[in-house]
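Let me begin by presenting the structure, written as structure tokens, before commenting on it.
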Protein chains: 2
Amino acid sequence: MKLQLHIRMNEALFLRNPEGSELGKKIIRHSVELIYKNGFEAFTFKKLAEDIKTTEAGIYRYFENKHKLLVYLTCWYWGWLEFQISFHTNNIKDPTVKLKRIIKLLASAVADDEQTNYLNESLLHQIIISEGSKAYLTKQVGEDNKQEFFKPYKDLCGIIGNIVRECNPKYKYPKSLASTIIEMAHFQNFFMNNLPSLTDFGNVKQESAIISFLDHLVFSSIKKV
Amino acid sequence: MKLQLHIRMNEALFLRNPEGSELGKKIIRHSVELIYKNGFEAFTFKKLAEDIKTTEAGIYRYFENKHKLLVYLTCWYWGWLEFQISFHTNNIKDPTVKLKRIIKLLASAVADDEQTNYLNESLLHQIIISEGSKAYLTKQVGEDNKQEFFKPYKDLCGIIGNIVRECNPKYKYPKSLASTIIEMAHFQNFFMNNLPSLTDFGNVKQESAIISFLDHLVFSSIKKV
DNA sequence: TATTTATGATAGCAATACTATCTATACAGG
DNA sequence: CCTGTATAGATAGTATTGCTATCATAAATA
């Protein structure tokens, strides 16, 4: 059975829906590959066009600029992750177990789902680690926020915050703890691989170490006294 | 008495030392103002040149490109902060009190030190919050790291990590906790002001709330059982 | 006084970030 | 079958960015 996951995207992110055509899907797939390979700064619509043998103007019919494309990718990622989380924590009653599972999902490398060839989830995960913050660390964050570009991220943060609250209703910072978990799952990974002396995982370089750190951080915080 | 603080900078960051001339100092001062005002993406050497009534080529004699200038500013900031920390925690014996003081320094808005007119520390602090991560979230992070561009950040992280270890020698993640404190002091501030629903401080919008959150996070983690 | 050094002025060039227009093709509806 | 409409390819053009190079001038220094 081939179960197709579809993530509903904010229409303000694109000019033409990339999911609706072959060219559109190619744009997404290859932009993930190019950004992964060369980084977001070096990524241009010209290079992308050459890569998929279309023209620059062709790309501009889908996305206004590369910032919107990056935001599109991050939104897709958060939506996808929310689904992964709801799938993998389904039927788990204990919020503590749930939270542990979520930390693991957040901090683990992602295997490319061969079934979805819309994009390579594993590369996208790497992009989110290295480039994800650039989606909101801009001067236009306010306007982008008004257009709900960060809704998927906020939704995920809200879900995690609620589970934190279930674990301990008296804990005062569920949302900040949630955003800390999400950001640190990625930043500690980036540091581990690029600036290892900022972490305690430089020698092992294993995600399991990050998971242990986050587990300890989170459960010490929300432990009832 | 006018005590002049001098921060020793990595020479590979510039072509000509900006501290050594009036033009150089103007470059630093005005780049902080412009980046603060328009954001790093919109910041160009051309605009900076117009702002200080020199030529583009004039700026390029000091800095190879705007990335190096951003790294320069972040280095200066971390060096400056290390001094602030050593100054304000001097003579404190209890590592717990020390750590509390450090969290406060990290998460507090900075008053511009009128004495140093090299640059506006208060604006620089805001820049570090919004743009600081872009100094290392690049494809060249490895080469930059080889040239020790992130040494001041690592040093600060090391200092904080050591104090964490003093608080509890058995705690397993002092360095990751240190980088988490530093990053979250800034990210929670950015979120509070720009994406408030990612935090629990949206209503109050006060740094004191971030400090309480970080205090709780850190001291729950390193508490001896 | 000669000479190095810093700056200013100007030019130029390749790449980036778009916008516009025109054509070919497919396919969908009448 | 014809005819609109939507999609994409082809080409051109423009302003800005991100540099590099050259020449002249003024100030500092040897």
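- Taking atom NZ on B:Lys68 and atom C1' on D:dC19, their separation rounds to 14 Å, with Å as the unit.
- Here D:dC19 is the nucleotide among D:dG9, D:dC19, C:dA9 with the atom lying nearest to any side-chain atom of B:Asn65.
- By the 4.5 Å heavy-atom criterion applied to side chains, A:Ile52 and A:Ile59 are counted as neighbours.
- Comparing A:Tyr62 and A:Ala57 by the nucleotide of DNA chain D that holds the closest heavy atom to each, the one mapping nearer the 5' end is A:Tyr62.
- Ring to ring, A:Phe191 and B:Tyr136 are close: their centroids are under 6.0 angstrom apart.
- With distances taken from any side-chain atom of B:Ser21 to the nucleotides C:dT7, C:dT10, C:dT21, the minimum falls on C:dT7.
- With D:dA8, D:dT11, C:dC18 as the candidates, the nucleotide lying closest to the side chain of A:Glu56 is C:dC18.
- For D:dG9, neither phosphate oxygen OP1 nor OP2 lies less than 4.0 angstrom from any side-chain nitrogen or oxygen of A:Arg61.
- With C:dT7, C:dT16, D:dG18 as the choices, the nucleotide that has an atom nearest any side-chain atom of A:Thr44 turns out to be C:dT16.
- Put simply, NZ on B:Lys25 is 14 Å from P on C:dA6, counting in whole angstrom units.
- The separation between B:Asn38 atom CG and D:dT16 atom C1' is 15 Å, rounded to whole Å.
- No contact: A:Lys26 has no heavy atom under 4.0 Å from any strand.
- Looking at heavy atoms from C-beta onward, A:His30 lies in side-chain contact with A:Leu48 at the 4.5 angstrom threshold.
- In this model, the phosphate group of D:dG9 is not approached by any side-chain N or O of A:Thr55 to a distance below 4.0 Å at OP1 or OP2.
- For A:Lys47, a side-chain nitrogen or oxygen approaches OP1 or OP2 of C:dT16 to under 4.0 Å.
- If you take CZ of B:Arg16 and C1' of C:dT7, they are 8 Å apart, rounded to a whole angstrom.
- With rounding to the nearest 0.5 Å, the separation of CZ in A:Phe187 from CG in A:Leu195 is 11.0 Å.
- Residue A:Tyr60 contributes atom OH, which lies 17 Å from atom C1' of D:dG9 at whole-angstrom precision.
- You'll find that the side chain of A:Leu23 is closest to D:dA8, out of D:dA8, D:dT22, D:dT20.
- Atom CD in A:Glu41 sits about 11 Å away from atom P in D:dG18, given to the nearest Å.
- Atom-to-atom, CD1 of A:Ile59 to P of C:dC18 comes out at 13 Å; the value is rounded to the nearest Å.
- Look at B:Lys66 and you won't find any side-chain N or O under 4.0 angstrom from OP1 or OP2 of D:dC19.
- Computed from coordinates, the B:Asn17 CG to C:dT5 P distance equals 16 Å when rounded to whole Å.
- By the 6.0 Å and 45° rule, A:Lys139 stacks over the aromatic ring of B:Tyr36.
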